[in-house]
Amino acid sequence: MMQPVCPLSAIPRGESFRWATDPPVAIFHTEDGQLFAVDDTCTHQDASLADGWLEGCEVECPLHASRFDLRTGQVDAPPAKKPVRTHRVEVTDGMVRVALSDEAPNLPPGPATLSHEARRA
């Protein structure tokens, strides 16, 4: 199900938007106008990818420089080993909408939130 997130005008080209879902989602608007949505938390350590550096279709984590391909979620540079989930994103009537993935998130090591533990049970 597509969920409204924000107006497209809230995410200038070359910027990102952190959507406070559980877990959070980062939406990236590339310089060439493409939109991508991935889980906001780096799979290596708890850091916001929305705070990272966007270059082309890659984002670099601000903590340890892991890079992820926004099209696939795959790791392009370590130290991360697991991909981030990708989510379907579209714009309708100027509103960015995201359909969250049904796959389990690849959370970094450490304490998980209660809702993540409940989903695993």
Could you walk me through whether L70 and L54 pass the side chain to side chain contact (heavy atoms under 4.5 Å, CB included) test, one step at a time? CA-CA 10 Å; L70 295 172; L54 177 62; 3.5 Å; yes
Does a side-chain heavy-atom distance below 4.5 Å link [X] with [Y]?
X: P83; Y: T43; result: no
X: N106; Y: V84; result: no
X: P62; Y: W53; result: yes
X: V38; Y: V25; result: no
X: E55; Y: E60; result: no
X: L35; Y: F28; result: no
X: E58; Y: R67; result: yes

Positive for side-chain contact (heavy atoms from CB on, under 4.5 Å) with L100, one of M1, Q3, R88, R85: Q3
Using modelled atom types and a 3.5 Å cut-off, is there a donor and acceptor pairing between side-chain atoms of [X] and backbone atoms of [Y]?
X: D39; Y: T41; answer: no
X: S16; Y: A50; answer: yes
X: H87; Y: S101; answer: yes

State yes or no: do V91 and V98 share one hydrophobic cluster built from I, L, V, M, F, W and Y residues joined by side-chain heavy-atom distances below 4.5 Å, directly or via other members? yes
If you group Ile, Leu, Val, Met, Phe, Trp and Tyr by side-chain heavy-atom gaps below 4.5 Å, do V75 and L63 land in one group? no
Any chance CD of Q34 has more than 12 other-residue heavy atoms, nucleotides or ligands included, within less than 6.0 Å? yes
Using a cut-off of 6.0 Å, state whether more than 12 heavy atoms not belonging to D32 lie near its atom CG. yes
For [X] and [Y], work out which heavy atoms get closest and say how close.
X: T86; Y: T72; answer: CG2-C, 3.5 Å
X: I11; Y: C6; answer: CD1-SG, 3.7 Å
X: D40; Y: R18; answer: OD2-NE, 2.7 Å
X: L49; Y: V59; answer: O-CG2, 3.5 Å
X: K82; Y: F68; answer: O-CE2, 3.6 Å
X: C57; Y: R71; answer: CB-NE, 3.7 Å

Apply the test side chain to side chain contact (heavy atoms under 4.5 Å, CB included) to residues F36 and I27: give CA-CA distance (whole Å), side-chain angles for both, the deciding distance (0.1 Å), then the verdict. CA-CA 6 Å; F36 297 98; I27 301 160; over 6 Å; no
Please determine if R97 and E90 form a salt bridge, counting it only when a charged side-chain N lies under 4.0 Å from a carboxylate O. no
